[in-house]
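These notes are about the structure you will find just below.
Numbering of residues begins at 1 and proceeds along the displayed sequence.
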Amino acid sequence: LINGEYEIEKRMMLAATVEKDGIELEKSIALNDVVITKGPFSRIISLGIYVNNNFVDLYSADGVVISSPTGSTAYSLSAGGPIASPDLKVLIITPICPHILHSRSIVISNKDIVKIEVCLNNTEVMLTLDGQQGYKVKSGDIVVIRQSQYCTNLIKLKNRSFYQVLRQKMSERWSFNRQN
């Protein structure tokens, strides 16, 4: 660091707000993902997904993950989502254990705005950001996710590409799974 032998990588972040009847209830930012999931009981929840106010689908699932490219290798990947290079400017919508076979991940532009309507559900529904901050959301709440005006600066010490790191992580997972 003292010798200046590093690079700064700027990573896109997500902004999320919870609205009810046009009133903003909560607002936060996340580096990896914004997740809406069922609460402690094993019940499917229904979420209406919109992109730029265009109806996409009604997900009957355990929930949905909206991830940044940085978060694409985290929960979204575990839920079956694609891996995105961190220099891309995209959002990824990935249903968690969807009840309908045609529900798949969707990759959209960073300029798009995702709205998720929490439909009538008979169970607790939670919104979490980067697995850290959690909020209860209720039927009729709207969660709005877009690219944040902020970015995260990461210090990159070694001259390793995203693909070298990815290959190493994936081979570690492969060898761990083979040993167990």
Q. Looking only at heavy atoms, what is the nearest atom pair of A61 and P98, with distance?
A. CB-CA, 3.6 Å
**Q.** 4.5 Å side-chain heavy-atom contact, S68 and D33
**A.** no
(Q) For K38 versus I45, what's the shortest heavy-atom pair and its separation? (A) N-CD1, 3.7 Å
Q.
Going by side-chain contact (heavy atoms from CB on, under 4.5 Å), I116 matches just one of V56, L47, V34. Which one?
A. L47
(Q) Rounded to the nearest 0.5 Å, what separates atom CD1 in I44 from atom NE2 in H99? (A) 4.5 Å
**Q.** More than 12 heavy atoms from other groups under 6.0 Å of OH on Y150
**A.** no
**Q.** Gap between atom CG of D141 and atom CD1 of I36 - 0.5 Å precision
**A.** 9.5 Å
Q.
I need the R146 CZ to D112 CG distance, nearest 0.5 Å.
A. 11.0 Å
Q) If you take all heavy atoms of Y135 and E26, which pair is closest and at what distance? A) CE2-OE1, 3.1 Å
**Q.** Evaluation steps, side chain to side chain donor-acceptor pair (under 3.5 Å), between T94 and S76
**A.** CA-CA 6 Å; T94 302; S76 179; 3.0 Å; yes
Q: For residues Y6 and L1, determine if any side-chain heavy atom of one lies less than 4.5 Å from a side-chain heavy atom of the other.
A: yes
Q: Report yes or no: do V35 and V64 belong to one cluster of Ile/Leu/Val/Met/Phe/Trp/Tyr joined by side chain heavy-atom distances under 4.5 Å?
A: no
Q | Residue pair T128 / G134: nearest heavy atoms and the distance that separates them | A | CG2-CA, 4.1 Å
**Q.** Lys/Arg-Asp/Glu bridge criterion (N-O < 4.0 Å) met for E124, K136
**A.** yes
Q. Would you say V137 and I145 are hydrophobically clustered, going by side-chain heavy atoms of ILVMFWY under 4.5 Å?
A. yes
Q) Are V18 and I49 grouped together when hydrophobic residues (ILVMFWY) are joined by side-chain heavy atoms under 4.5 angstrom apart? A) yes
Q. What are the two closest heavy atoms between C119 and S139, and how far apart are they?
A. O-OG, 3.1 Å
Q | Nearest atoms (heavy-atom pairs only) where K156 meets S161 | A | NZ-CA, 4.4 Å
(Q) Does N153, at its CG atom, have more than 12 non-hydrogen atoms belonging to other residues, nucleotides or ligands within less than 6.0 Å? (A) yes
**Q.** D130 side chain to L31 backbone, donor-acceptor under 3.5 Å
**A.** yes
(Q) I want to check something: taking the side chain as every heavy atom from C-beta on, are L14 and I29 in contact at a cut-off of under 4.5 Å? (A) no
(Q) Would a single hydrophobic cluster contain both L129 and L91, if residues Ile, Leu, Val, Met, Phe, Trp and Tyr are joined by side-chain heavy-atom contacts under 4.5 Å? (A) yes
Q) Thinking salt bridges, do E9 and R11 make one under a 4.0 Å N-O criterion? A) yes
Q. What's the spacing between L25 CG and I142 CD1 if we round to 0.5 Å?
A. 11.0 Å
Q: Supply the atom-to-atom distance Y59 OH to E117 CD, rounded to the nearest 0.5 angstrom.
A: 15.0 Å
Q.
Can you confirm whether V144 sits close enough to E19 that some side-chain heavy atom of one is under 4.5 Å from a side-chain heavy atom of the other?
A. yes
Q. With a 4.5 Å heavy-atom cut-off, do I92 and I106 have their side chains touching?
A. no
**Q.** Co-membership, hydrophobic cluster, residues V118 and L127, 4.5 Å side-chain
**A.** yes
Q) Between CD1 of I93 and CD1 of I108, what distance do you get to the nearest 0.5 Å? A) 4.0 Å
Review item, side-chain donor-acceptor pairs of residues 80-90, under 3.5 Å, at least two apart:
from : atom 1 : to  : atom 2 : distance (Å)
S85  : OG     : D87 : OD1    : 2.4

**Q.** side chain to side chain donor-acceptor pair (under 3.5 Å) evaluation trace for S28 with Q133
**A.** CA-CA 9 Å; S28 195; Q133 297 171 294; 2.8 Å; yes
Q | Within-4.5 Å side-chain heavy-atom neighbours: C151 and M12 | A | no
